[in-house]
There are 2 protein chains.
Amino acid sequence: MAKKEFDFSTMVCFLLNSTSNAMIRDYRPQLIEFDLTYPQYLVMMTLWNEDAILIKEISKETFFDSGTLTPILKRLESKNYIKRVASQEDERAKLIQLTEEGINLKEKTAHIFKDMECKIALSEEEQAQIVKICNKILVKLEVKES
Amino acid sequence: MAKKEFDFSTMVCFLLNSTSNAMIRDYRPQLIEFDLTYPQYLVMMTLWNEDAILIKEISKETFFDSGTLTPILKRLESKNYIKRVASQEDERAKLIQLTEEGINLKEKTAHIFKDMECKIALSEEEQAQIVKICNKILVKLEVKES
DNA sequence: TATAATTGATTTGTGCACAAAATATTTGCT
DNA sequence: AGCAAATATTTTGTGCACAAATCAATTATA
């Protein structure tokens, strides 16, 4: 077989993108049962970690920019999983709070989170390698602080 | 600091997605100079590897489904980088061919491809680890054959 | 204390990514 | 030959991802 000039199977950006697309696609059916998309699920996890935070704090955790978050939060609000409350100290800012239903979702979706990591069954070593390499790239591209 | 239940910095799906987003975002300015997006650039690379192929073959290489490819190919056609020619053997299928301008783009964008891999400066070892792990996941999720 | 600069969030517009349905053609079966 | 199943692509509709522009509120500064 003639060697091809552009070998996708060794291109970092292509591999990361294809693999993340594949994982998000694979878990879509499970999330759909709770009327969630993957980015919406990430925002919910952020709030399960710490409730009643500002949009810019969610942005810092998820790396989603505000233009991405605004519509995601609107959808979560229309599903009654969160509330958007104007901040008292700063009229520009908005506090995002879980509703009762949003809080309850944490237990109900716990198995999805476990599946998320289990299905691909990486070894401890591989897991550690991925974490190290991705975080290194994120720091190099100034998405994260070192 | 209280330990958070959901630690994004060790979640494989989140890391792969954030890192690929960051890489694609980072190289956008360079691609814009040639009026290309990252997915469009991938399709062009596929054609630089082998010209005059069917859409389903591009789909097999890039892992983009046909509903994703159709509009990408339309945009590349309107930029005059490719032509879409009905196949003679099978009236359903379409052959995608590079135009003169599309062929010339290969040399002009060669530096971008090099930057793509160089800027993040992974070691040989890290590069090999990423390739192995991502391909393993892609096989597990049945995107690729083992 | 005006006003300039900054900040938090929303809006607008483009382009994926994907599922599901539609369309047209080809292949397989009897 | 006739018709069902399969195949290649397009269409439709939803939801990111992001840049750029906008808006309102806050802070800094002349």
Side-chain angles (χ1 to χ4, degrees), chain A residues 13-14 16-32 35-43 53-60 62-79 82 84-96 141 143, chain B residues 13-14 16-32 35-44 53-60 62-79 84-96 141 143:
Chain A
C13 188
F14 174 77
L16 294 179
N17 188 236
S18 305
T19 309
S20 91
N21 283 346
M23 290 185 71
I24 292 171
R25 193 189 316 126
D26 196 70
Y27 289 100
R28 186 164 300 142
Q30 299 200 57
L31 289 171
I32 285 287
D35 201 12
L36 287 175
T37 64
Y38 180 71
Q40 289 166 19
Y41 181 53
L42 278 182
V43 170
I53 57 178
L54 297 173
I55 294 178
K56 68 166 182 171
E57 296 180 271
I58 299 178
S59 173
K60 216 165 278 170
T62 58
F63 308 139
F64 294 149
D65 82 352
S66 64
T68 300
L69 278 173
T70 296
I72 290 176
L73 293 169
K74 276 188 186 165
R75 287 184 194 107
L76 288 174
E77 190 176 30
S78 78
K79 290 170 206 190
I82 62 161
R84 278 136 42 102
V85 188
S87 163
Q88 299 297 22
E89 308 98 61
D90 189 336
E91 294 284 337
R92 291 169 304 184
K94 276 183 188 134
L95 281 168
I96 306 300
L141 299 183
V143 174
Chain B
C13 188
F14 174 77
L16 295 179
N17 189 236
S18 305
T19 309
S20 92
N21 283 346
M23 289 185 72
I24 292 171
R25 194 188 317 124
D26 196 70
Y27 289 100
R28 187 164 299 142
Q30 300 198 56
L31 289 169
I32 284 288
D35 201 12
L36 286 175
T37 64
Y38 180 71
Q40 288 165 20
Y41 181 53
L42 278 181
V43 170
M44 292 303 289
I53 57 177
L54 297 173
I55 293 176
K56 68 165 183 172
E57 297 181 271
I58 299 177
S59 173
K60 214 165 279 169
T62 58
F63 308 138
F64 294 148
D65 82 353
S66 64
T68 300
L69 278 173
T70 296
I72 290 175
L73 292 169
K74 276 188 188 165
R75 287 184 194 106
L76 288 174
E77 190 176 32
S78 78
K79 290 170 208 193
R84 278 137 41 100
V85 189
S87 163
Q88 299 298 22
E89 307 98 62
D90 189 337
E91 293 284 338
R92 292 169 304 183
K94 277 183 187 134
L95 281 168
I96 306 299
L141 299 183
V143 174

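Given the structure is predicted, the values throughout are model-derived calculations rather than measurements. Values below: all heavy atoms of this structure, side chains included; hydrogens, waters and symmetry mates excluded. Lettering of chains follows the sequences in order, A, B, ..., and the numbering in each one begins at 1.
For D35(A) and dA19(C), the CG to P distance is 17 Å, given to the nearest whole Å. As rounded to whole Å, 14 Å separates atom C1' of dG8(C) from atom CD1 of I53(A). Residue Y38(A) contributes atom OH, which lies 17 Å from atom P of dA19(C) at whole-angstrom precision.
When the ring pair (Phe, Tyr, Trp, His ring centres under 6.0 Å) test is applied to F63(A), the partners found at least two apart in sequence or on another chain are F14(B). Here E77(A) pairs with I82(A), R84(A) under the side chain to side chain contact (heavy atoms under 4.5 Å, CB included) rule; sequence neighbours left out. The side-chain hydrogen bond (donor to acceptor under 3.5 Å, both in side chains) search around R25(B) returns none, not counting sequence neighbours. The side-chain hydrogen bond (donor to acceptor under 3.5 Å, both in side chains) search around N21(B) returns none, not counting sequence neighbours. For the side-chain hydrogen bond (donor to acceptor under 3.5 Å, both in side chains) test, no residue two or more places apart in sequence or in another chain qualifies with R28(B). By the side chain to side chain contact (heavy atoms under 4.5 Å, CB included) test, T68(B) pairs with F64(B), D65(B), I72(B), sequence neighbours left out. Here D90(A) pairs with S87(A), R92(A), A93(A) under the side chain to side chain contact (heavy atoms under 4.5 Å, CB included) rule; sequence neighbours left out. Here S20(A) pairs with L16(B), N17(B), S20(B) under the side chain to side chain contact (heavy atoms under 4.5 Å, CB included) rule; sequence neighbours left out. For D35(B), there are no side-chain hydrogen bond (donor to acceptor under 3.5 Å, both in side chains) partners, not counting sequence neighbours.
Between V43(A) and I58(A), some side-chain heavy-atom pair lies under the 4.5 Å cut-off.
Residues from residues 63-74 of chain B that place a heavy atom under 4.0 Å from any atom of DNA chain C, listed by number: F64(B), D65(B), G67(B), T68(B), I72(B).
For R28(A) and R84(A), each mapped to the nucleotide of DNA chain C holding its nearest heavy atom, the one lying further toward the 5' end belongs to R84(A). Positionally, the nearest nucleotide of DNA chain C for I55(A) lies more toward the 5' end than for the other of I55(A) and P39(B).
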Please enumerate all protein N or O atoms sitting under 3.5 Å from an N or O of nucleotides 26-28 of chain C, with distances to 0.1 Å.
from, atom 1, to, atom 2, distance (Å)
dT26(C), OP1, E91(B), N, 2.8

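A distance-only check finds a donor-acceptor pair linking the side chain of E57(A) to the backbone of L54(A) [under 3.5 Å].
Nucleotides of DNA chain D lying under 4.0 Å from heavy atoms of chain A occupy a range whose first and last members, 5' to 3', are dG15(D) to dT26(D).
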